[in-house]
Amino acid sequence: MKTLPLSTSTKDTLDAIRPRGQTYDQVLRAILETRPVGEWRELLEDKPSRAVATVLSNMARKAGAPSMKRDPSEQVLLAESARQRWQMWQSAGRLEARGERRWAYRTGPAGGDRVRIKRVR
Amino acid sequence: MSASSAFAKAKKAVLDGRDLDAKLLLAAGVTELASSIDVRPIVTGGTTVDFYAASTVDSTRTAPPGWKPSIDIDVIMLASDSIGAATRLRELLYEKDFKPATTRKDRVSIQAERGWKHPDVPIPVEIMGKPYEGDAKRIVQLDVDGMPVFLRGPEDTLWEHVEWGAHVKDQRSWTRALAIASAQRESLDLAYLRQLARERGFVDALEKCLRGEPLY
């Protein structure tokens, strides 16, 4: 059985659920074997580390799960939106430079997101 | 503003759907509490991405289906004894009525419990007991409604996602990298980033990111 490459943060994450005596590889493969492909999204939403998500996502794609890719053109548009919004924050007075590596940020309704944060289980 | 005021404002921000405001206010309150025990937490992870990318990639509104936006705050300690500082902060949060964020039956001790939640704010704070990764001189101080929050620098935040995105072909990381590079274009220390890229072997990936190109 090929060993999966895992980062330190992934191992820290898996330590929280890894039964005594089991390797990280065994834990991940047990997760894969016990969950239907359709449950990948739910599992990944529970993931506490990006590395676990990436490894499981790659394995899920190999097992035939739908891709979670983002459209490349959308990436570029999003990046431009980020730039515009950063500039807007400053022009609107939400964000103000206060010297080298120091900013002042004003919270408030203007320009904020309008979606509720999901409660963490 | 006091820590309790910051937490109250964070609670309201959650109710208003202002994700980033809520996380920054919560971080401000925790930072204020930590100052009483001479500990300085540094915010890393998705919250820094959310800030440097101006809330365009990590809000619940903009995440694509299947992606879970950053819903917690990762903090690490800038100290030679990062584990000890993390332990002391966890103990302090417990004293201040924070609750463990996990509900698993085999919960670890207070000192080892990483995730904590304020009773009124449904956002976990992950207190990680590991050394700071990056250049400590590039940490940014963000005064959130007048209260300081310390963020991992934009260069180190960007680099983490360039390297990971290119290394494992991870679209989510690459999206984050592009957004940060775009929003922070004028202030990034490119010489530092290019030095990192040479040392780590991702020169082409960095330049691709700085040009604003998709991963593939």
Side-chain angles (χ1 to χ4, degrees), chain A residues 5 7-9 12 16-17 40-41 44-48 50-51 53-55 57-58 66-76 78-89 95-109 111-121, chain B residues 9 13-22 24-25 51 53-57 59-62 64-68 71-72 101-104 117 122-124 130 138-146 153 164 168 170-175 178-185 212-216:
Chain A
S7 67
T8 302
S9 61
D12 286 346
I17 59 172
W40 288 126
R41 290 178 188 269
L44 291 174
E45 285 178 5
D46 284 338
K47 65 89 180 170
R50 179 187 66 229
T54 301
V55 170
S57 178
N58 289 338
S67 170
M68 288 167 58
K69 276 188 190 179
R70 191 152 209 173
D71 183 338
S73 61
E74 191 180 349
Q75 284 182 329
V76 174
L78 206 63
E80 182 54 29
S81 294
R83 177 173 177 75
Q84 290 174 4
R85 192 159 181 178
W86 183 261
Q87 292 173 341
M88 183 193 73
W89 277 0
L95 185 67
E96 182 183 338
R98 288 279 177 86
E100 189 174 355
R101 298 194 176 267
R102 186 168 179 175
W103 296 87
Y105 179 86
R106 180 175 56 84
T107 67
D113 293 333
R114 297 292 175 186
V115 178
R116 300 175 67 91
I117 295 177
K118 291 195 300 184
R119 281 197 173 268
V120 177
R121 291 193 291 277
Chain B
K9 291 182 77 171
V14 169
L15 294 173
D16 290 346
R18 291 179 284 120
D19 301 10
L20 179 59
D21 284 1
L24 291 176
L25 286 163
F51 175 71
S55 274
T56 54
V57 292
S59 72
T60 51
R61 180 184 57 157
T62 61
W67 282 15
K68 180 178 183 292
I71 205 67
D72 60 6
T102 57
T103 56
R104 61 175 186 266
K117 280 199 292 182
I123 302 173
K130 64 178 184 178
R138 297 173 189 283
I139 289 170
V140 163
Q141 178 174 333
L142 182 68
D143 296 325
V144 180
D145 293 347
W164 186 259
V168 298
D170 180 46
Q171 291 282 15
R172 180 177 183 181
S173 284
W174 195 256
T175 300
L178 286 183
I180 295 169
S182 178
Q184 302 299 316
R185 189 178 304 168
E213 296 174 5
L215 186 57
Y216 50 82

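So that the names make sense, note that chain A is the first sequence line, chain B the second, and so on, each numbered from 1.
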query: Where is the tightest heavy-atom contact between A:W86 and B:A183, given as atom of each residue plus distance?
result: CD1-O, 3.5 Å
- prompt: Is there a side-chain contact (heavy atoms from CB on, under 4.5 Å) between A:L78 and B:T175 once you walk through the steps?
  reply: CA-CA 8 Å; A:L78 206 63; B:T175 300; 3.5 Å; yes
- prompt: Of the non-hydrogen atoms in A:A82 and B:A53, which two are nearest, and what is the gap between them?
  reply: CB-O, 3.5 Å
- prompt: Does A:R101 use its side chain to pair, donor to acceptor, with the backbone of B:I139 at less than 3.5 Å?
  reply: no
- line: Most heavy-atom pairs under 4.5 Å with chain B, out of A:E96, A:Q87, A:E80, A:R102, belong to A:R102
field: Inter-residue atom distance B:Q141.CD - A:E100.CD, 0.5 Å rounding
entry: 13.0 Å
message: Counting heavy-atom pairs closer than 4.5 Å to chain A, which one of B:A181, B:G212, B:A179 comes out on top?
response: B:A179
statement: Heavy-atom nearest pair, A:R98 first then B:D143, reads NH1-OD2, 4.2 Å
Pick from B:K9, B:R185, B:E213 with the largest number of heavy-atom pairs that fall under 4.5 Å of chain A: B:R185
- request: Output the distance between atom CD (A:Q84) and atom OG (B:S182), rounded to the nearest 0.5 Å.
  value: 8.5 Å
- request: Measure distances from B:I180 to the heavy atoms of chain A and classify the residue's part below 4.5 Å as side chain, backbone, both or neither.
  value: neither
query: Rounded to the nearest 0.5 Å, what separation is found between the CG atom of B:D21 and the OH atom of A:Y105?
result: 4.0 Å
